[in-house]
Visitor: 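Structure provided below as structure tokens; questions to follow.
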Amino acid sequence: MLTVRAPATSANLGSGFDVFGIALDRPADVIRVERAPETTITVTGVGSQYIPEDPAKNTVGAVADALDAPAHIEIDKGVRPSSGLGSSAASAAGAAVALNELYDRGRSREELVPIAAEGEEVVSGIAHADNVAPALLGGFTIVAGGEVVRVDASLPIVACLPEASVSTRDAREVVPRSAPIEDVVETVGHASTLAVGMTRDDPKLVGRGMDGGIVTPERVALIEGYGDAREAALDAGATGVTVSGAGPTLLAVCREGNRRSVAGAMLDAFDARGVESRAYQTAIGEGARLYE
Ligand SMILES: Nc1ncnc2c1ncn2[C@@H]1O[C@H](COP(=O)(O)OP(=O)(O)O)[C@@H](O)[C@H]1O
Ligand SMILES: N[C@@H](CCOP(=O)(O)O)C(=O)O
């Protein structure tokens, strides 16, 4: 039996819809695989009651098909589904790494990106790779033109998850089909600033580069208490706050030493609105790790 720890991820980062992503140190899914004549799946852990074990409906089933690697796959969820923390992608990336090894398929991590993205198509209708790329490669990733660029970034992060669910499929319904050129120009400016900030591990540039975006303002409306929690985090010293993936998690970029106060401020702000939440004090981290 092979075991893989596959991390949560945060996609978009405000200005990089369907393009930018980061791997997070925690939380993570644990995937265990063993050869079998046909694919079967068991799911335990956080939110497992909402995750189908039918291989046709689970992201790992699509990955097993794509690698022609039938297996019994055990998924222990650490990343809550429909959270905006790449839950479906963590399992898909973990399964891709584990099955590639189990069947000696010889695919590189980069080659596994489109394979893991097939799992995302099962749940959101589109094979967006902005979660599976960092889940496989770690660090900060840019998915563009079918290629992935990886930057070995390192920054303190708080991910604050309110007690609500937003399905990526639903949140894609509010994505504008077109945008005024002024908004596109502004977004390109922010995205460029963010990418340079990542190469320098500069929380100020990264935070500034997360501002605005064409998609984020539409999604904020789906998250009760977003505005208050964002303000509280910025007041506590976060350098930037945006929606993580499709939400409802809020992603706050921090400076060394201020994660605890940022996390506390966000929890208090949600609490004042009567919304329960939990905060992960985490960091940009490594990709899926294989344990023999
Ligand atoms: N292995 C899996 N892990 C998590 N969710 C899964 C998995 N397989 C299928 N799903 C389904 O995917 C949906 C959650 O994915 P999504 O809406 O993209 O949110 P996120 O990936 O941010 O948690 C849920 O409907 C869940 O049942
Ligand atoms: N680019 C996608 C990212 C979805 O991330 P998730 O963590 O919410 O699954 C989108 O914004 O739709």
Side-chain angles (χ1 to χ4, degrees), residues 4 6-24 27-33 39 41-65 73-96 98 116-135 141-144 159 161-162 164-176 191 213-220 222-223 242-251 288:
V4 171
T9 51
S10 180
N12 302 334
L13 306 178
S15 53
F17 177 69
D18 276 358
V19 173
F20 291 163
I22 51 174
L24 300 175
D29 283 4
V30 175
I31 311 295
R32 292 187 183 85
V33 295
T39 297
I41 299 169
T42 57
V43 189
T44 54
V46 191
S48 53
Q49 67 273 31
Y50 303 115
I51 301 176
E53 294 186 335
D54 176 352
K57 295 183 180 153
N58 194 302
T59 55
V60 304
V63 173
D65 275 356
I73 306 175
E74 291 176 17
I75 307 173
D76 186 6
K77 296 298 298 179
V79 190
R80 204 202 75 184
S82 305
S83 60
L85 287 171
S87 177
S88 48
S91 296
E118 290 192 28
E120 291 290 66
E121 185 157 17
V122 171
V123 295
S124 69
I126 179 163
H128 65 89
D130 49 346
N131 289 106
V132 291
T141 54
I142 301 170
V143 178
L161 169 59
S165 287
V166 172
S167 107
T168 304
R169 191 181 278 272
D170 293 348
R172 293 188 79 86
E173 296 291 316
V174 305
V175 174
I214 292 162
V215 178
T216 312
E218 304 300 322
R219 285 180 165 175
V220 161
L222 305 175
I223 306 170
T242 192
V243 178
S244 179
T249 291
L250 272 65
L251 181 83

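All ligand and atom numbering here is 1-based and tracks the order in the structure.
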Visitor: Give the residue and atom name of whichever protein heavy atom lies nearest to atom 8 (O) of ligand 2, and the separation in Å to one decimal.
Guide: A246 N, 2.9 Å
Visitor: Considering heavy atoms of the protein only, find what lies nearest to atom 5 (O) of ligand 2 and give residue, atom and distance to 0.1 Å.
Guide: N131 OD1, 3.0 Å
Visitor: Closest non-hydrogen protein atom to atom 24 (C) of ligand 1, residue and atom name please, with distance?
Guide: S82 OG, 4.0 Å
Visitor: Is it true that a side-chain atom of S91 and a backbone atom of S88 form a donor plus acceptor pair closer than 3.5 Å?
Guide: no
Visitor: Quick one: does D18 get an N or O within less than 3.5 Å of an N or O on ligand 2?
Guide: yes
Visitor: Is a side-chain donor or acceptor of N12 paired with a backbone partner of G245 at a separation under 3.5 angstrom?
Guide: yes
Visitor: Relative to ligand 1, is T168 under 4.0 angstrom through side chain, backbone, both or neither, heavy atoms considered?
Guide: both
Visitor: Can you tell which part of T9 has a heavy atom less than 4.0 Å from ligand 2: side chain, backbone, both or neither?
Guide: neither
Visitor: Among L250, T216, L222, which one satisfies side chain to side chain contact (heavy atoms under 4.5 Å, CB included) with V243?
Guide: T216
Visitor: Taking the side chain from S87 and the backbone from V79, do they hold a donor-acceptor pair closer than 3.5 Å?
Guide: yes
Visitor: What residue and heavy atom of the protein are closest to atom 22 (O) of ligand 1, and at what distance?
Guide: G84 N, 3.1 Å
Visitor: For atom 6 (C) of ligand 1, grab the closest protein heavy atom and report residue, atom and distance to one decimal in Å.
Guide: I51 CG2, 3.9 Å
Visitor: Would you compute the distance between atom CD1 of I126 and atom CD of E121 and round it to the nearest 0.5 angstrom?
Guide: 8.0 Å
Visitor: Select one of side chain, backbone, both or neither to describe which atoms of R172 lie under 4.0 Å from any atom of ligand 2, heavy atoms only.
Guide: side chain
Visitor: Using a 3.5 Å cut-off on N or O atoms only, is S87 in polar contact with ligand 2?
Guide: no
Visitor: Within less than 4.0 angstrom of ligand 2, does R219 place any heavy atom?
Guide: yes
Visitor: Looking only at atom types and distance, does a side-chain atom of D29 sit under 3.5 Å from a main-chain N or O of A6, one as donor and one as acceptor?
Guide: no
Visitor: Short list, please: which atoms of ligand 1 are under 4.0 Å from a heavy atom of K57?
Guide: 9 (C)
Visitor: CD of E218 to CZ of R172: how many Å apart, nearest 0.5 Å?
Guide: 14.0 Å
Visitor: Counting non-hydrogen protein atoms only, what is the nearest one to atom 7 (O) of ligand 2? Give residue, atom name and distance.
Guide: G86 N, 2.8 Å
Visitor: Nearest 0.5 angstrom please: I142 CD1 to F20 CZ, how far?
Guide: 5.5 Å
Visitor: Which ligand 2 atoms, with their elements, are less than 4.0 angstrom from a heavy-atom of L85?
Guide: 7 (O)
Visitor: With rounding to the nearest 0.5 Å, note down the distance linking OG1 in T249 to CG in L161.
Guide: 4.0 Å
Visitor: Suppose I only count heavy atoms of S83 and a 4.0 Å limit; which atoms of ligand 1 are within that range?
Guide: 22 (O), 23 (O)
Visitor: What's the separation between atom OG1 in T59 and atom CD1 in I51, rounded to the nearest 0.5 Å?
Guide: 8.0 Å
Visitor: Within the side chain of S10, is there an N or O that forms a donor-acceptor pair under 3.5 Å with the backbone of I22?
Guide: no
Visitor: Residues two or more places apart in sequence or in another chain: which of them pass salt bridge (Lys or Arg N to Asp or Glu O under 4.0 Å) with R169?
Guide: none
Visitor: What I'd like to find out is whether the side chain of D130 reaches to under 4.5 Å of the side chain of E120, using heavy atoms alone.
Guide: no
Visitor: Ignoring angles and geometry beyond distance, decide whether E120 reaches within less than 3.5 Å of ligand 2 through its nitrogen or oxygen atoms.
Guide: no
Visitor: For V215, which part has a heavy atom under 4.0 Å from ligand 2: side chain, backbone, both, or neither?
Guide: neither
Visitor: Measure the shortest side-chain to side-chain distance between P27 and R80 over non-hydrogen atoms and say whether it is less than 4.5 angstrom.
Guide: no
Visitor: So is G84 in contact with ligand 2, going by heavy-atom distances below 4.0 Å?
Guide: yes
Visitor: Using the rule given for side chain to side chain contact (heavy atoms under 4.5 Å, CB included), can you reason through R219 versus V175, listing the C-alpha separation, both sets of side-chain angles and the distance that settles it, and then say yes or no?
Guide: CA-CA 8 Å; R219 285 180 165 175; V175 174; 3.8 Å; yes
Visitor: May I ask whether V60 places a heavy atom under 4.0 Å from ligand 1?
Guide: no
Visitor: Under 4.0 Å, heavy-atom basis, I'd like to know which part of T168 is in contact with ligand 2: side chain, backbone, both or neither.
Guide: side chain
Visitor: Between N58 (side chain only) and E53 (backbone N and O only), is there a donor and an acceptor less than 3.5 Å apart?
Guide: no
Visitor: Pair T168, V123 - check side chain to side chain contact (heavy atoms under 4.5 Å, CB included), show working.
Guide: CA-CA 8 Å; T168 304; V123 295; over 6 Å; no
Visitor: Short list, please: which atoms of ligand 1 are under 4.0 Å from a heavy atom of S167?
Guide: 17 (O)
Visitor: Atoms of ligand 1 less than 4.0 Å from G86 heavy atoms?
Guide: 21 (O), 22 (O)
Visitor: Got an N/O contact under 3.5 Å between G247 and ligand 2?
Guide: no
Visitor: Using a strict cut-off of 4.0 Å, indicate which atoms of ligand 1 neighbour a heavy atom of Y50.
Guide: 26 (C), 27 (O)
Visitor: Please list the nearest protein heavy atom to atom 15 (O) of ligand 1 with its residue and the distance rounded to 0.1 Å.
Guide: S88 OG, 3.4 Å
Visitor: Starting from atom 3 (N) of ligand 1, what is the nearest protein heavy atom, named by residue and atom, and what distance separates them?
Guide: K77 NZ, 2.9 Å
Visitor: From Y50 OH over to K77 NZ, what is the distance, rounded to the nearest 0.5 angstrom?
Guide: 14.0 Å
Visitor: Does any N/O atom on S244 come nearer than 3.5 Å to any N/O atom on ligand 2?
Guide: no
Visitor: Would you mind telling me if ligand 1 is within reach of the side chain of L85, the backbone, both or neither, using heavy atoms under 4.0 Å?
Guide: backbone
Visitor: Taking only heavy atoms of P52, which atoms of ligand 1 are found under 4.0 Å from at least one of them?
Guide: 27 (O)
Visitor: Decide whether an N or O pair under 3.5 Å exists between F17 and ligand 2.
Guide: no
Visitor: Which atoms from ligand 1 have a heavy atom of R80 less than 4.0 Å away?
Guide: 23 (O)
Visitor: Tell me the contacting part of A11 for ligand 2: side chain, backbone, both, or neither, using a 4.0 Å heavy-atom threshold, strictly below.
Guide: side chain
Visitor: So, does S244 use its side chain to make a donor-acceptor pair with the main chain of L251 at under 3.5 Å?
Guide: no
Visitor: Nearest to atom 10 (N) of ligand 1, what protein heavy atom do you find, and at what distance?
Guide: V123 CG1, 3.6 Å
Visitor: Give the contacting part of E120 toward ligand 1: side chain, backbone, both or neither, where contact means a heavy-atom distance below 4.0 Å.
Guide: neither
